[in-house]
Each structure stands twice: as C-alpha cells, then as structure tokens.
Amino acid sequence: MLEFMPLVLFLVICLVLMAGYPVALSLAGTALAFAGLGLGLQALGIDANFDSGYLGAFPNRLYGIMTNQTLLAVPLFVLMGVLLEKSKVAETLLDAMALLFGSLRGGLGISVTLVGMLLAASTGIVGATVVTMGLMSLPTMLKRGYSMPLATGTICATGTLGQIIPPSIALVLLGDVLSSAYQQAQLSMGIFSPKTVSVGDLFMGALVPGLALVVLYIAYVSLVAWLRPASAPPADRRELMAELGHEGGLGLLLLKGLVPPMVLIVAVLGSILGGFATPTEASAVGAFGALILSLAYRRLNLATLREVLRSTTHVTTMVFMILIGAALFSLVFRAYGGEELIHEIFNNMPGGVVGATLVVMLVIFLLGFILDFIEITFVVVPIVGPILLAMGLDPIWLGIMIAINLQTSFLTPPFGFALFYLRGVAPESVPTSAIYKGVMPFIVLQLGMLLALAFFPGLATWLPDQF
C-alpha cells in the first residue's frame, strides 16, 4: 500500500478540492499532512519510502517562483484584460462588429465569435470572456430572434478561446511549466546542454489552431443560418444603430471601437512573434496601451482604477498562492517516489507513447471538470510532462494539445466551467438544457481540432520552426 502513496496523495488532493476548500491551501495543507505522515512512520521505524530531503528544496522553489521573469507577465496581462473589460472597450467593439455583420444571416453570431476572439486575446481568462459576452450579447441575440441553443453555444465556445488564443494567461503558465519539464526530460536522457522552449514558442504554436477554431465556429454559425434561417435572422442596421444609441455612422464607430483594440493586440503579439520583445516585456506594453485606451475613451476614473487594481491583485495573488502550494505538493509527491511510479506505469502501458498520451489526455479532460487550468498546469503537467517529453513528444505540440483539451473540458456538460459562468448571467427564461444543447456542435469541432493536431502535428509546430 505504501508504494502507492503518491497516487493516494493525488486522489486525496482531488477529493479535498471537490469539497470546496481553497485550492492553494488544499494543495499545501494536504501535502504537509502527507509529509508529516511519512516522517511519523519513519520515526516509528516503518519504511514509508519517504525521502525527507526533498522538503529542504522548498525555500529554493519559493525563491525561484518569486524571481521568475516569465511569471511577471501574469499580473501585467491580467491588468491589460481587466482594464479593457472595466473601461467598456469590449462593449464598443461588440457594437461595431454587430453593426458591421448584423445585417447578414447569422451576422450577430459571427460578431460574437470575432469579438470573443479579440477579447480572449486581450483578457486570456475564460470566466471573464464568457461573463462579459453573456451580459453584452445574449440579450441582443435573443431579442433579434436567435435560437437559445445557438446563442448560448456560440457565447460559451468563444469564451473558451481564452485558453488557446495568444497572449493567453493559460499559455504563459503552461509555457513556463513545460519549459522546466522539457529541460528535466532532456537531462534524464543524458543531454546536458538542453534546448529550451519559451512562452513565445507556445504562442506561435497556438496561433494556427486558435485561428482555425475561430474559422470553424464562424463556418458552423453561417451553416446553421443558411439551413435554418429562423435560428439566426438578420438584423436591420438602422434599428440596431438606434438601439445601440451610437451617432456618427458605422465608419466612425468602427474607427473608434475596432481599430484601437486591434492595434493594441497586434502590437503585443507582433512584438513577441517578431522577436522584438519577450512575453513579459510585451505584457507591459499591453497593460500600458490598455491604460491609454481607457483614458482616451474617458472611461477611467478613480473608482474604476481602484476596481481594476483590486481585480488584478486578486487574480495575481491567487495564481502565485496556487503555484506555491503546487510546488510543495510536487516535492512531497516526488519524496514518496511518485515520479518513478508514474514513469514505471507509463513504460508498462500498452501502446507505448501513444497509449500514455491518450491516458494523460483523458485524465486531464476529466480533471478539467473539477479543477481550473491553473491547478492542472501546476499540479498535473509537472508530473506527466517530463515523462511524456522524454518519450519523444514535441513540447510545443504537447502544450497546444493540453490547452485545447482543457478548452473542450471547460465546455462539456454537465460540469464545464464555461457553462456555469453563462448560467450565472443568463436570464431565467433560458433553460440550462438549451445551454447544454447549444455547446454540443462546438465540442465536436474542438474534438475535430484535437484529432487534426494528433494526425498533423505540424499545425502546432510549423510556425515556431520558421523562427
């Protein structure tokens, strides 16, 4: 029984989290309890297969977390996204897109998809995107005659794009963890001058699959509008203009609502992809640009700034507390021989690297029902990542597969996080069954993208290989 203590530790962590306790404290507290158990058994003369020397590395882990330059991008990207959300830049952008495409069949659905993509690129947080789009666009879509499943499914699916569209916070965290896992895997293979994989590489790898998903969403909405016109009727542009209350015509609204956010996003992504700036430096540019936009739109006052800073501090503190708790969990897991146990299980698994990858993807998909991407990134990926990468998988491909897998998990009934977020802001007249029905086609599209990546890894690796 004691040789399976790492798996028991992992199971107990999941049970404690499902009980609703704070994630960071659950990780650290459970790990400390198991460390105390191991030390106690050793004191009684029982071989618990526990190496207490790993605990001595915890102070160095803390120092490494606090001095990690890559993780500095997290609070800056969060600040950028919260500024754009609180200053209602996203609302102006949605109005501009609705007026541009609203007169077409399925035009509002296309607008929501495009704005969701841009919002995902600016916030990178699934909950923020789903809630914002749900509050802004769902009432308009329902008022214009859109079917409930199509409207809710489109909003949920575009909200999850925050997992994969760079500069996603999920990719920043995943890139940092995979970088360490890749170096660890190479060292285990006797390569003492290891190559590195950066967050910028992961951004480049996510660009083609992310944009491909956006195209698939738009194609699906257009197909539904063509086959069932009553499900996605066109809107009268004049009525829409009067309802939104904008003056000065479509051209002025597009210039005001579309161009500035686009310039900001292109500046952030372009500086990273072009090699002019690291993700951390680009995040500072993005935060400063979002501040300038908020001031230019005259929507930034002291109360809003206070709320923005409070939200940014809250999210950043949560991320780093979870990271510290996950570091302690990782050390205790390894102290019990968990790394060797997982390695042995994977090596004895039928199907070799393919079988191991399928099992890991299935486990991550199921864990996505009960854990957020931050916990999975910090707890699961450091355990399985080095082993899979040592078996020959490409780190960029693996990172994109994990990101899209989690994106699909967050969309899948009955536990998908995106469904809960939309249910919280949707009118009571919208039944939960309509939300579940609406996301099904988008789940199929995302599973199709996962299969495409599995058979054609170049979709994720081609662009990074060009730089």
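As a basis for the values below, the full set of heavy atoms in this structure was taken, side chains included, without hydrogen atoms, waters or symmetry mates. These numbers were taken from a predicted model, which means no experiment stands behind them. The first residue in the sequence is number 1, and the count goes up from there.
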Participant: The test is side-chain contact (heavy atoms from CB on, under 4.5 Å); show your working for Ile13 and Ser26 and say whether it passes.
Facilitator: CA-CA 7 Å; Ile13 285 281; Ser26 298; 5.6 Å; no
Participant: According to side chain to side chain contact (heavy atoms under 4.5 Å, CB included), who are the partners of Phe288, at least two apart in sequence or on a separate chain?
Facilitator: Ile292
Participant: Between Asp201 (side chain) and Pro464 (backbone), is there a donor-acceptor pair under 3.5 Å?
Facilitator: no
Participant: Considering only heavy atoms from C-beta outward, does the side chain of Val332 approach that of Leu55 to under 4.5 Å?
Facilitator: yes
Participant: Taking side-chain contact (heavy atoms from CB on, under 4.5 Å) as the criterion, tell me which of Ile155, Thr154, Leu108 meets it with Thr113.
Facilitator: Thr154
Participant: With rounding to the nearest 0.5 angstrom, report the OG1 to CG distance, Thr377 to Leu171.
Facilitator: 9.5 Å
Participant: Checking Tyr336 side chain against Phe34 main chain: does a donor-acceptor pair fall under 3.5 Å?
Facilitator: yes
Participant: For this output row, return yes or no: ring centroids of Tyr217 and Phe442 closer than 6.0 angstrom.
Facilitator: yes
Participant: Taking the side chain as C-beta and beyond, is there a heavy-atom pair between Gln407 and Leu161 under 4.5 Å?
Facilitator: yes
Participant: Hey, does Phe320 have a side-chain heavy atom less than 4.5 Å from the side chain of Met66?
Facilitator: yes
Participant: Check whether Ser294 reaches the backbone of Ala290 with its side chain - one donor and one acceptor, N or O, closer than 3.5 Å.
Facilitator: yes
Participant: What pair of heavy atoms forms the shortest contact from Ile165 to Met117, and how long is it?
Facilitator: CG2-O, 4.0 Å
Participant: Determine the minimum heavy-atom distance between Leu459 and Val208, stating which atoms define it.
Facilitator: O-CB, 3.5 Å
Participant: Tyr220 and Val444: side-chain contact (heavy atoms from CB on, under 4.5 Å), yes or no, with the steps?
Facilitator: CA-CA 11 Å; Tyr220 169 71; Val444 173; over 6 Å; no
Participant: Contact between Ile324 and Leu328 at the side-chain level, heavy atoms closer than 4.5 Å - yes or no?
Facilitator: no
Participant: List the atom of Ile322, the atom of Ala24, and the distance in Å for their closest heavy-atom pair.
Facilitator: N-CB, 3.7 Å
Participant: For the CE atom of Met321 and the OG1 atom of Thr316, what is their distance to the nearest 0.5 Å?
Facilitator: 13.5 Å
Participant: Give a yes or no on whether the backbone of Glu307 and the side-chain of Ser311 come within a donor-acceptor separation of less than 3.5 Å.
Facilitator: yes
Participant: Roughly how far, to the nearest 0.5 Å, is CD1 of Ile164 from CD1 of Ile404?
Facilitator: 4.5 Å
Participant: Roughly how far apart are Leu388 CG and Leu393 CG, rounded to 0.5 Å?
Facilitator: 5.5 Å
Participant: Which distance, rounded to the nearest 0.5 Å, do you find between the CD1 of Ile400 and the CG of Leu174?
Facilitator: 7.5 Å
Participant: Between atom CG of Leu207 and atom CH2 of Trp462, what is the distance when rounded to the nearest 0.5 Å?
Facilitator: 10.5 Å
Participant: Between Phe10 and Val380, does a side-chain contact (heavy atoms from CB on, under 4.5 Å) hold up when you go through it step by step?
Facilitator: CA-CA 9 Å; Phe10 187 80; Val380 181; 4.1 Å; yes
Participant: Gln446 and side-chain contact (heavy atoms from CB on, under 4.5 Å): which partner among Val439, Thr412, Leu411?
Facilitator: Leu411
Participant: If the condition is side chain to side chain contact (heavy atoms under 4.5 Å, CB included), which residues does Asp394 pass it with, not counting sequence neighbours?
Facilitator: Ile396, Trp397, Thr461
Participant: Please examine the side chains of Met361 and Leu398, heavy atoms only from C-beta on, and report whether any two atoms are closer than 4.5 Å.
Facilitator: yes
Participant: I'd like to know whether Thr357 forms a side-chain contact (heavy atoms from CB on, under 4.5 Å) with Met401, so could you lay out the CA-CA distance, the side-chain angles of the two residues, the decisive distance to 0.1 Å, and finally the verdict.
Facilitator: CA-CA 10 Å; Thr357 305; Met401 287 287 286; 5.8 Å; no
Participant: Any side-chain heavy atom of Phe365 within less than 4.5 Å of one from Thr408?
Facilitator: yes
Participant: Under a 4.5 Å cut-off applied to non-hydrogen side-chain atoms, are Ser52 and Leu39 in contact?
Facilitator: yes
Participant: Do the side chain of Ser330 and the main chain of Ala327 share a donor and acceptor less than 3.5 angstrom apart?
Facilitator: no
Participant: Suppose we screen for salt bridge (charged side-chain N to carboxylate O under 4.0 Å, His left out). Which residues come up paired with Arg423, at least two apart in sequence or across chains?
Facilitator: none
Participant: Please determine which of Val285, Val268, Leu291 meets the side-chain contact (heavy atoms from CB on, under 4.5 Å) test together with Met80.
Facilitator: Val268
Participant: Could you report the tightest heavy-atom contact between Leu83 and Ala287, atom names first, then the distance?
Facilitator: CD1-O, 3.8 Å
Participant: Which atoms form the tightest heavy-atom contact between Phe329 and Val379, and what is the distance?
Facilitator: CE2-CG1, 3.3 Å
Participant: Would you say the side chain of Ile443 lies within less than 4.5 Å of the side chain of Met440, judging by non-hydrogen atoms?
Facilitator: yes
Participant: Ala418 and Cys156: which non-hydrogen atoms are nearest, and at how many Å?
Facilitator: O-SG, 3.8 Å
